[in-house]
Structure formats: structure tokens, C-alpha cells
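Data first, discussion second: the structure below is written as C-alpha cells.
Residue numbering restarts at 1 for every chain, and letters A, B, ... go by the order of the sequence lines. The figures here come from the full heavy-atom set of this structure, side chains too, leaving out hydrogens, waters and symmetry mates.
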Amino acid sequence: MSLNDFIQAAFFLIVVFLTVKPLGTYMAHIYEGSPAGLNVWLAPFEKWIYRLCGVKTETGMPWKTYAVAMVLFNVLGILAVYAIQRLQAFLPLNPMAMPAVSPDSSFNTAVSFASNTNWQGYGGESTMSYLTQMLALTVQNFVSAATGMAVLVALIRGFIQKQMNTIGNFWVDLVRSVLYVLLPLSIVFAVAFVSQGIPQTFHNSAAAKLLQTAKDSNGKPVIEQDLALGPVASQIAIKQLGSNGGGFYNVNSAHPYENPTPVSNFLELLAIVLIPVALCYSFGVMVKDRRQGWAILAAMFIIFLPCLWAGIQIEQQGNPLLDKLGVDQKASDFQPGGNMEGKEARFGIVNSSLWAVSTTAVANGSVNCMHDSLMPLSGLIPLWLIQMGEVIFGGVGCGLYGMIAFVIVAVFIAGLMIGRTPEYLGKKIEVFEMKMASLVALIPHLFILIPTAIAVLTVAGKAGISNPGPHGFSEILYAFSSAAGNNGSAFGGINANTVFYNVMTAIAMFFGRYWLAIPMLAVAGSLSAKKIVPTTQGTLPTHTPLFVFFLAMVVLVVGALVFFPALALGPIAEHLMLVKG
Amino acid sequence: MILAQIRPAIVSFVLLSALTGILYPLVVTSIAQSVFHKQAEGSLILLKDGKVAGSSLIGQNFDDPKYFWGRISATSPAYNASASSGSNLGPTNPALMDEVKARITALKAADPDNQTPIPVDLVTSSASGLDPHVSLAAAFYQIPRIARVRGLSQQEIKILVDQNTRNRFLGLLGEPVVNVLLVNLALDAYKK
């Protein structure tokens, strides 16, 4: 790691750190309903929405009603996204005359965007009309993020409330997330992105005359370059802020129009981690013990920082096979060096690795370098961060409620060790909570490993592989990890736009999302109904360094070690082959 | 329980769709078009006759020895700006070695006397297939060849490279890079 690598990474982390408190406090105020600027000015508009919806804001919902509302709203989203893609040829704002998207790809994309995964089986600029990008995909980018935030807020209420049978109102939590958090931030980021060169237009693509005439694969001369444009910036802002990751273009944020400069790169990266990190602080504010929020954040960083360091370090060393060809991979004042296959010159090694680790720690899944071309061990890191259950920051809302599930597991294990009833924030953790938390910890494993096994045993599954050897296995493992973890990034060489992968990954995405959200709502309901036990000398403190470390280890043991055998067959085997020569 | 939630589900979905799927992109577009018009339209390079020569953000394919060459592009045809793609070749894939070797051979054939090691970004594919930049090392490596083919001094070309170099933002963010299309346009426009 060179000095500049270190400075760029440290600068990023410092800026993230500085945003935690102001944004975290703001979001806590929004969800508590206390005045915080925007929610005062826009209050009439918010009330008007509820009136049209026929929602009584003061009536809370029992957890089952909350879950029904959440699922209903999401199913509606899936249907709408499917319909818009199938009908886009007949709808307006289709200047490039894109035909209807195939049924299986439409289904996959619909589930993918509703579940906040944003796995891209399609190439955006060659598949989707402007209207589809806006009215189908951008909308889901907002509301799927807001759904995650709503479930988190409901869960937090479970800890705050005493002997109540409701956990808040889904519609209120949903609307507030969009109106006061996601939308204002998106507008600010989108305009900043345009200033850097991300297009925002409804015009057709622009045709440019090439300086040097090229030849296509048939040897015919090519004299023009079609520059695909569109309303890009508005979608990129929410794709990053909402942990979505589904890009406008096929190569996502590696595309020079989707991420043109180091400044846009920095802002996009900031937008990826901004809300998931700040929500930890909101959690602390809302449970009236900020140390609890910091403790969770600290546990996340204990895992994040070594992954980041290793990711940069391994990529910077470059590919030993290229050394043998006499290629210069050494970092200097004139080049970043390292493994530049699948990377953009303006980002070099450090910004690509920083992104790869952040986008998989957060369940974002946008990419600015091709993960398929990462070195075996630095490709292992993003894969492993996803497999941990997307709880190291994780997606907006869902990352933290996933982490709280791990806290419940950790408190339970610690309680067994010291022989006391496990408690967290004054609520007794009993059999029901433990069952639900175990589901949350274990369901992703199921939907990663079983579909991977099916894929490697079937012709249709193996047909998707693009790289030979253990790397091909890594591609499949990554695809299902990404789907079940609702991440959305890929080892992009895999040919996943087939009926097999579209259906299989859609199933993994669906259960990886809703089978975690619903158990956590059940926990919220169960906790809400309990009384608060006073803290005594026998209470296990959950803000101490000891507990923070313990929590990180529980995530590693429960969430990550399960995958060691699978990882040994993929990236680790490939690494051993590489060093052996 | 389910029936009571149907109306709020439908109405809130329609309202939020209108707000985030129509109003939001329109608001951003109107701000963008009025404040950053050039960027919003794709940072196009316009020639004097009004024709578009490309975008300063999107690379073009060069393999003529008189031009600077950029990154390898995995799109079809190369630098296809309506279908971006990386190579997605894994680090141990023999196809990656073939690709790198082919580029080394082409570079050596165009400039047999150049014995300096070739910078890595010049023999590898970019992530987008549209990378408009190369590293300074990759540009410097090509100066002797272009000087010879064009009959210019290396110093003259170095000046053009410097003029089309973008350093780290505030000396901090990103990597220093040379814009290949812009430096090639400058080369063609250069008169002694």
C-alpha cells in the first residue's frame, strides 16, 4: 500500500465518520416525528398523501399487519416493474425504440429491484427505455430502500416500547423515508453528479464521427460512435444512496458516463455507505443510549478495515503471470500499477479496491471495476463480505436489522456462557426471538449453497460459466451469494441472462429479502409486547469493547465460516494454482 | 387485515411512483440542463462545423502508430459506446495471457526500438471498454513512436501530453491520467 493509497482510503473514512452524527441524528428525528426542518415544511404534503391513501397515522399496526402491508406493497412493485418492461415498446420515452424485455429477464429484474438487490442480468443502455429506467427502476430504487428502513424502524420500536401490541405504521415509515431522507439527498447528489459529467437528458443518443476509422468483427469499417445518453444522474444518485446498485449502463459505475471523475467516484462511494452507517447512530439515539449505536458500528469496522487493507494490498501487487511477460506493474508517480485488468485508469487500484470492498460490505452491488478480474484472494473478500449476511453496514435498514439479529444471537450465546437470562436493551431475549434471529442468520446460507450446488450439477447451470477452472465455480458461487445477500454485484463474466439463472437467482433474491424481513418484524412485535427489565449488576453490558469484539466474532463464526469449504473450492484453489505457477 | 391495506398500497404506490419516477427525474433534469448544460448532454466535443467529434469522457479506438493508443476495449466493435462491457477475464484465464501477449506484440511491432517495460494499463482491458484515459507512464511510453512517425520532437509531443493530463483532484483523489482522444485531436491540429 503506497502512501497515496493510504491517504485516499483514510480521507474517505474520515469523511464518512464526520457524516455519522449529523445524518444519524436527523434520521432519528424524522422517525420519531420530532421537528427537523423538512418534516415541518412538507408536513401538509405528507398529510395529503395519507389522506388520499386513507391511512390513519396515529393507529399503529400489529406486526402481522405491518408485514402484510410491506409484502403487499412490494408485490405491487414487482408486478409494475414486470409490466412496464414487457410493455415498454408501446410506452412513451423510448427514443431508441427498445423492444419488450423477455419474460424471464423481466421477472428477474422485477424481483431484483423490489428486493433491493439490483442484480443486472441485462445491459441497461441496450435493453431499457428511458421510461423503464425512471418509472420502473428508479421508483423501486427509492421504495425498496424505504422498505428496508421501515422494517428497521419497526424493529427499533420493539426495543423502545413497553407492553404494546403495535410496531408503528408501515405507510408512515415508508413515506417518511422517501420524502425526508432519500429524496432530498438524491436531488443534491444528482446535481453534483451532473456537474462532474454524468448525463441527464431526454435526448437520443449522440452520434460522433470517429477520429480513426475502426473495423467491426466482420471487417466492415465503422466511422461513427453512438454515445448512449439518458436521464442517468437522477438514477445514479438513488442507486447509491439506497444500497440498490442497479446502474443505467451495463458496466455500472465503471462507465465513464456513470462515474466520470475521481470526484464523482468519491461522492458515489460516500453515497454508498452514508445511510447504512448513519442509521447505526440513529439506532443509538432512538433507544436513548448512543453507546449502543457506536458499539454496533465499531463491530462492523473491526471486520471492514482488515478486508479493506487486504483488498488494496493484494490488487496493488498485480498479477504474477503478467510479471513473467515483462509488463511493468510497479506503482510509481506515473502509474498506479497493480492488477489493471478490468479497471479504469482514472480510478487505479486504491479507488477500485475501496469500492469493491465497500459495495459488498454495504449490500449495494454497484461496481467501478470488474470483480471477475480481481486477483483470486481480493475477489474472495467481496464474496465473503456478502456471505457474512450483508451485515457489515449492509443495505439501508436491512443491514442493521440483520446485524441486530446477530446481536441477539451474540447476547444469547454470552448469556449461556455466564448463566444468565439473555437481555438486550432491557428486553428479555427468549426462545421466540432466538428462533427468528437464527432464521435470519441461516436462511441466506440455504439460498446460497443449495442453488450453487444445483447449478454446478446441471448443464444449464454450467453453461453460464465464462472462465475455466476454479474461477468458473467462483462465478456461480458469487452469483447466488449476491442474489441471496441482496447485493447485486457479480463476477460479471457469468452469462446469467438465461431462463435458468433468471429464475434461480430471482428465487434466491426473493427469499433472501422477505424471509429475513418478516422474521425481524415478528421479533419487533414480540419485543414490543414485553416489559422493560431494569438494568442490574447481573446485566451483560452491550457497549463494552469486550462485547463489540465478541459480536464481530459471532458474525465471523456464524455468518462466514460456513462458507469456508465452498471458498476453498473457488478463490482459494485458484490462488494456490497461481502461486504454484 | 389484508383488505384494509389494499387501498393504501395502491394509492401510495401510484403517488410515490409519480413523485420519484417522474417528478424527481424532471426536477433534476431541469436543474441540470440550466446549470450544467454541456455535462448533462454528455460532454460532447464539438468541431467548428458543428459536428460531434466524440465525448471528452468516452474513449475511441486507436491502433494507428501515429496516434496514442488507449486501453484494450472488450466491447464489440472496440469502444462501442452503446454497449459497454469489460473483458471479465479471470486472473488465471489463458485467454487473458493471449490478450496481453497480442497487445505486447502489436506495441513492439509499431516501435521495435523501444526496450522499456510496457506499463500495465496499456496491455489490459478497461472495466467499461470505453476508458478515455491511460496512465502517464502509458502515454510516455508511446512518445518516441509518435515522434518518429510524425517527424516531431519528443519534447513537442510531451507538451501536448501535459496539456491533456488531468492530475489528482486537489492532489488527493484519483490517479493522474492522459485523455487519449483529446491528445490525439491535439496532435492532428498541431502545426510546427
Side-chain angles (χ1 to χ4, degrees), chain A residues 52-55 65 69 72-73 76 126 134-135 138-139 142 171 190-191 194-195 197 199-201 208 210 212 214 216 222 225-229 231 234 249-251 254-256 260 262-263 266 319 327-329 334-336 340-342 344-346 348 369-370 372 375 467 471 492-493 578, chain B residues 1-2 5 7-9 11-13 15-17 20-21 25 28-29 31-32 36 39-43 52 54-55 57-58 60-62 64 76-77 81-84 86 88 90-93 117-121 123-124 126-128 130-137 169 173-175 177 184:
Chain A
L52 283 189
C53 296
V55 169
T65 312
L72 212 56
F73 183 78
L76 214 56
S126 53
M134 287 162 49
L135 198 55
T138 303
V139 169
F142 277 98
W171 308 112
V191 173
V194 181
S195 80
Q200 180 72 24
T201 177
L210 289 174
Q212 185 200 323
D216 67 8
V222 181
Q225 185 182 42
D226 267 323
L227 301 159
L229 300 170
S234 54
Y249 296 102
N250 184 37
V251 291
H255 196 292
V263 177
F266 179 82
N319 187 340
V327 174
D328 181 7
Q329 298 188 86
F334 305 113
Q335 69 162 1
M340 283 300 287
E341 179 69 23
E344 298 281 294
R346 62 194 178 283
C369 69
M370 293 298 115
D372 219 347
M375 297 307 294
N467 279 287
H471 198 91
L578 187 67
Chain B
M1 183 165 73
I2 296 178
Q5 302 305 326
R7 176 177 161 201
V11 178
S12 68
F13 185 74
L15 289 177
L16 290 177
S17 293
T20 61
V28 174
T29 308
I31 300 174
F36 304 110
Q39 290 96 319
E41 289 293 331
S43 307
V52 180
S55 163
L57 296 177
I58 305 289
Q60 293 183 8
N61 189 39
F62 295 101
D64 190 322
S76 176
S82 50
S84 57
N88 283 312
T92 55
N93 192 333
I118 304 174
V120 62
D121 59 316
V123 297
T124 46
S126 63
S128 61
L130 302 169
D131 195 342
H133 299 116
V134 288
S135 67
L136 301 189
F169 181 74
L173 294 179
E175 301 294 336
V177 282
N184 284 337

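- With chain A as the partner, the residue from B:N184, B:L15, B:L57 showing the most heavy-atom pairs under 4.5 Å is B:L57.
- Taking A:A69, A:A190, A:P336 one by one and counting their heavy-atom pairs under 4.5 Å with chain B, the maximum is reached by A:P336.
- Between chain A and the options B:D121, B:I118, B:I58, B:L136, heavy-atom pairs under 4.5 Å are most frequent for B:I58.
- By number of non-hydrogen pairs under 4.5 angstrom with chain A, the leading residue of B:A83, B:S43, B:S76 is B:A83.
- Between A:G493 and A:D372 the shortest heavy-atom distance is N-OD2, 2.7 Å.
- Ranked by heavy-atom pairs shorter than 4.5 Å toward chain B, the options A:N467, A:V222, A:N250 are led by A:N467.
- When atom types are taken as modelled, the side chain of A:R346 and the backbone of A:P262 share no donor-acceptor pair closer than 3.5 angstrom.
- The two residues B:L130 and B:S84 come nearest to each other via the heavy atoms CD1-CB, 3.9 Å.
- Of the listed residues (A:S126, A:P231, A:G197, A:C369), the one with the most heavy-atom contacts under 4.5 Å to chain B is A:G197.
- Of all the heavy atoms in A:D328 and A:Q335, the pair that sits closest is O-NE2, 3.1 Å.
- Summarising the geometry, atom CG belonging to A:L72 is positioned 7.5 Å from atom CD1 belonging to B:I2; distances are rounded to the nearest 0.5 Å.
- Contact tally against chain A (heavy-atom pairs below 4.5 Å) for B:S126, B:P132, B:P77: the top residue is B:S126.
- With a threshold of 4.5 angstrom between heavy atoms, A:N319 approaches chain B through side-chain atoms but not through N, CA, C or O.
- For a residue to count as touching a neighbouring chain, one of its non-hydrogen atoms must lie under 4.5 Å from one of that chain's; by this rule A:V191 touches chain B with backbone and side chain alike.
- Put simply, of B:V11, B:V120, B:D64, B:I31, the one with the most heavy-atom pairs under 4.5 Å next to chain A is B:V120.
- The candidate from B:T92, B:V134, B:V123, B:V177 with the greatest count of non-hydrogen atom pairs under 4.5 Å with chain A is B:T92.
- Contact record, B:S128 with A:A254: CB-O, 3.5 Å, taken as the closest heavy-atom pair.
- Ranking A:A214, A:A345, A:A228, A:G348 against chain B, the residue ahead of the rest is A:A345, based on heavy-atom pairs under 4.5 Å.
- If you measure heavy-atom distances from B:F169 to chain A, the contacts under 4.5 Å come from the side chain alone.
- What you find for A:A208 and A:L227 is that their closest heavy atoms are CB-CD1, 4.2 Å.
- For chain B, the nearby parts of A:L52 are the backbone and the side chain; heavy atoms of each come within less than 4.5 Å.
- Annotation: maximal heavy-atom pairing with chain B below 4.5 Å, among A:H471, A:M340, A:Q200, A:Q225, occurs at A:Q200.
- For the options A:E344, A:M375, A:M370, heavy-atom pairs under 4.5 Å to chain B are most numerous at A:E344.
- Relative orientation of the A:H255 and A:Y249 rings is parallel, given thresholds of 30° and 60° on the angle between their planes.
- Of all heavy-atom pairs between A:L229 and A:P199, the closest is CD2-CG, 3.8 Å.
- Between A:F73 and B:S12, the closest side-chain pair of non-hydrogen atoms falls below 4.5 Å.
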